[in-house]
Amino acid sequence: MKKGFCAPCIGAIFVLGIYLLSLALLAQPARAERRLQAGQQEQQVPKELQLRPKHEVTVAVKLVQVYVTDKGGDPAGDLTADDFEIYDNNKPVPVLHFEKHFAEDLAAAGAPGPRPALNRKFFLFFDLAFTDARGLMRAKNAALKFMEKSLLPTDEISLVTYTALRGLTLHEYMTRDHARVRNIIENFGLKSVTGRAENLANFFYSDTLMSLQSDEVQTSAEDSFFTDQARLQTGQMLDTARRQGYVDQARFYLDAWNNLAKVLRTVPGYKNIVLFSAGLAKQLLFGKTGGAVVGDWSTPEQLAAQMAEYDAAQADTGLRSDFSRLLKELKNSNCAVFTVDISRVHKEMDVEGAGGATPAGARELDGADSLKQLASETGGRFYANTVNPENAMEEIVNTTKNFYILGFKVDESWDGKYHKVKVKVKKKGYNVYSQAGYFNPKPFREYNNFERLLHLIEVALTEEPWPYVPVEIPVTSLNLVEKGWPMALTFARASGEELAEVFGPKTEAYLLIFNERGELALIKKFKAAVSENDKKENDAFLPSFMLPIKPGKYECALVMRNLDTGRAARGKAAIEVPAQLPVMPYLDPPLLLRLDDRAREINAGGEPTLASIYGYNPGTYSAVAGKVPPETRKLYAALRLACPAGWEEGLAVGAELAGGGGETGRSLPVAVLEKKREGQLLKLLLELETGEMGAGEYAVTFTVSGPNFVQPLRATTHFSL
């Protein structure tokens, strides 16, 4: 067998549409869809593509992933940008961007090639509702081998399961952290290992259900699916009758598939879905072989029995319609489904255990036909239950490893309409495998809840959110002690014209805290409403969270998204909470401030603000996150000193500035502007004379001493200029 790209395995133009799940992409009006990596073979994006257009039209570069084979079926690696022709809705368009990614060429060169602008994407889909334990083990072993040997570092992996009890579960979503996905698969059937996407989805399901409780009327089939799915995931729906009936299970299964496929229609790139399943019963979708005939009868009971047999032999027209719709949605979404039949072969089947069914009857329950059709009509490939699943996985990877990436200009209206795309090679003797087209984006106000969930996962969890998040915002996270409890105080400083559409009456803020293993440990959310008048009066907004936290090392991600415009922003910061609480006297981490009367703090109602926690006037000062203005000559800082009453007498505060290219630190003049006693906390407002500072990274170390202190207390904070 040749190692090249075979026609039955591919339906392979990968269209990078404007991502429906990406609110931020909806909000970035003018840009190329992917940042073109340095060192790639490419043409420069024209200046007109970088301009900000007006109204609801986006100018962008659509990226297309293309597989080409020669007459012998081998990958054609000798083509250039001039060899390709692209047609958008039957109109020729010029090739503006070109890349070639061939594994053999990279291996011969002895060095890794440039990172593709469009990564390979694999969705590992484990169907646990129509699969027995033995089939699960076959799938699990194949997937682990796949994760261990076959992937490229740039490959993005999603892990999905479907069960009758919980419906569709998205464990991990388009991550390059392959070890995390492998860990979840290893623990299938042994213990519960929850993925980050699963944790965030469960939070979103619970939060959304609370807002829907007063509205029992479903406005669409998608909303109804989301509500049922949310209740399943949160344990609020135990529909025993539905789970016990095979037909009803199949119906809900296809409903979940259809909703997932519809959401994936404009996820960037081509999606390789590897489905481990026994499939849906042949009789259910296609009818019983030979059917059944109503013959002579002499009693009503005989007629009823013959009619029942006739009905049982017919295909379920509703399910057949759902299945046909699924095939269409998968093709429209640029998804190739590689189906791996993990059922037992017929000679191994316990026929008597199947209720006395004959071998022919057992074949009527076989699901191979549904798996074959899923693969053949989406450009994937079917692997029978007699094929070693591990070999199948290796072939899937080899099939998709050699490709070209082309880019062309599009003017995209926000109408959700479908575009036909055709890619040709000018030279004779080549076969080009391409998808039918792509969808324009649609306004975020038209998103259903399932689409909003997937977008939130995309914004919050992807390693490189650009272009899905329009702006990275600076975030700071501090570990404090509040009333004897370790607390994480996390805030962002969001400012500038680019964030104008992030803030609005329906903005929401999320805090996600990941532990050392990268697991999602804590989630918190609040509504961060900002009026148009607020935006006129303020140049910056500072969303903040404070919540109890256990000792350990964490990464905090603060995400903001506007539910009207679809604009979003995100920032990250690390925090370490020591195992032991400090013993009084002690200093909490300092908070750097700047003179500022045009900044507004926003947080959850009833919770303390940054200003109240540190004791400064928010009408005069605002907190610094990350960078300070380049013209800074003075720094301001707020300190929290835990000490007994009276210890402030004779208190001395010093500061030392290090960094910025200097070899040693230098002392700074310090003035104590304010002192406030609140119980055992003394809150200080300081002014530091820094003088002129050059660009670079800096650290300020504060020292507090006095007659009652056995030794000076020290605390350090960092900033950049």
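Between the side chain of T476 and the main chain of A573, no donor-acceptor pair closer than 3.5 Å is present. With N199 contributing its side chain and L520 its backbone, the two residues share a donor-acceptor pair below 3.5 Å. In this structure a side-chain-to-backbone donor-acceptor pair under 3.5 Å is present from K683 to I613. Between the side chain of E601 and the main chain of A611, a donor-acceptor pair closer than 3.5 Å is present. The closest donor-acceptor contact from the side chain of R666 to the backbone of T690 lies under 3.5 Å. In terms of modelled atom types and a separation under 3.5 Å, the side chain of R598 and the main chain of K536 share a donor-acceptor contact. Judged by distance alone, the side chain of R196 and the main-chain N or O of A460 form no donor-acceptor pair under 3.5 Å. No donor-acceptor pair under 3.5 Å is formed between the side chain of R714 and the backbone N or O of T701. For R180 (side chain) and G518 (main-chain N/O), a donor-acceptor pair under 3.5 Å exists by modelled atom type. A donor-acceptor pair is defined here as one N or O able to donate and one able to accept, closer than 3.5 Å; no such pair exists between the side chain of D564 and the backbone of K506.
Side-chain contact check for L651 versus L682: some heavy-atom pair is nearer than 4.5 Å. Between L587 and V704, some side-chain heavy-atom pair lies under the 4.5 Å cut-off. The shortest side-chain heavy-atom distance between P486 and N479 does not fall under the 4.5 Å cut-off. Using a 4.5 Å heavy-atom threshold, the side chains of V628 and R594 count as separate. Inter-residue side-chain proximity for I513 and L547 is flagged as met; some heavy-atom pair is nearer than 4.5 Å. L635 places none of its side-chain heavy atoms less than 4.5 Å from the side chain of V624. Here the side chains of M546 and L480 are in contact, with some heavy-atom distance below 4.5 Å. Residues F444 and N562 are not in side-chain contact: their nearest non-hydrogen atoms beyond the backbone lie 4.5 Å or more apart.
In this structure, the separation between CD1 on I157 and NZ on K121 is 10.5 Å, given to the nearest 0.5 Å. Remark: L686 CG to K634 NZ distance equals 13.5 Å, nearest 0.5 Å. Residue K271 holds its NZ atom at 11.0 Å from CD of E156, rounded to the nearest 0.5 Å. Atoms CG and CG, on L610 and L489 in that order, are 5.5 Å from each other to the nearest 0.5 Å. The distance from the CG atom of D155 to the CE atom of M147 is 9.5 Å, given to the nearest 0.5 Å. Of the inter-residue distances, the one linking S720 atom OG with K627 atom NZ reads 5.5 Å to the nearest 0.5 angstrom.
In this pair, F203 and Y510 present their aromatic rings perpendicular. The plane angle is above 60°, beyond the 30 to 60° band. Using cut-offs of 30° and 60° on the angle between ring planes, the pair W647 and F709 is perpendicular. The aromatic rings of F503 and F541 are tilted relative to each other, their planes meeting at an angle between 30° and 60°.
Pairing each heavy atom of P590 with each of L639, the nearest pair is CB-CD2, 3.5 Å. Minimum interatomic distance between L542 and A599 (heavy atoms only, all atoms of both residues): CD1-CB, 3.8 Å. Of all heavy-atom pairs between P608 and N603, the closest is O-ND2, 2.9 Å. In terms of heavy atoms, M584 sits closest to A642 at CG-O, 3.2 Å. Across all non-hydrogen atoms, the minimal contact from T632 to P629 is OG1-O, 2.6 Å. Considering all non-hydrogen atoms of both residues, A625 and P474 come closest at O-CB, 3.2 Å.
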### Message
Checking Y616 against L673 for the side-chain contact (heavy atoms from CB on, under 4.5 Å) test, could you report, in this order, the C-alpha distance in whole Å, the side-chain angles of both residues, the deciding distance, and whether it holds?
### Response
CA-CA 10 Å; Y616 60 88; L673 302 181; over 6 Å; no
### Task
Show your working on side-chain contact (heavy atoms from CB on, under 4.5 Å) between E692 and R633 and close with a plain yes or no.
CA-CA 6 Å; E692 185 174 349; R633 300 295 182 270; 4.0 Å; yes
### Query
When you look at L591 and F491, which way does the side-chain contact (heavy atoms from CB on, under 4.5 Å) test go after all the steps?
CA-CA 11 Å; L591 180 67; F491 67 94; 3.6 Å; yes
### Task
Verify salt bridge (charged side-chain N to carboxylate O under 4.0 Å, His left out) between R640 and E482, making sure each step is shown before the conclusion.
CA-CA 11 Å; R640 286 166 42 109; E482 187 75 12; 2.9 Å; yes
### Message
Applying side-chain contact (heavy atoms from CB on, under 4.5 Å) to R452 and R561, what does each step give before you reach the verdict?
### Response
CA-CA 11 Å; R452 294 187 181 202; R561 65 174 187 172; 4.3 Å; yes
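For Q680, the CD atom is loosely surrounded, since the number of other residues' heavy atoms within 6.0 Å does not exceed 12. Residue-environment remark: CD (Q580) stays at or below the threshold of 12 foreign heavy atoms within 6.0 Å.
Between K675 and E648 there is no salt bridge, since no side-chain N of the basic residue sits under 4.0 Å from a carboxylate O of the acidic one. The residues K525 and E508 are annotated as salt-bridged, a charged nitrogen and a carboxylate oxygen being separated by less than 4.0 angstrom.
Considering D596, D539, N538 as possible partners of S622, the one that fulfils the side chain to side chain donor-acceptor pair (under 3.5 Å) test is D596.
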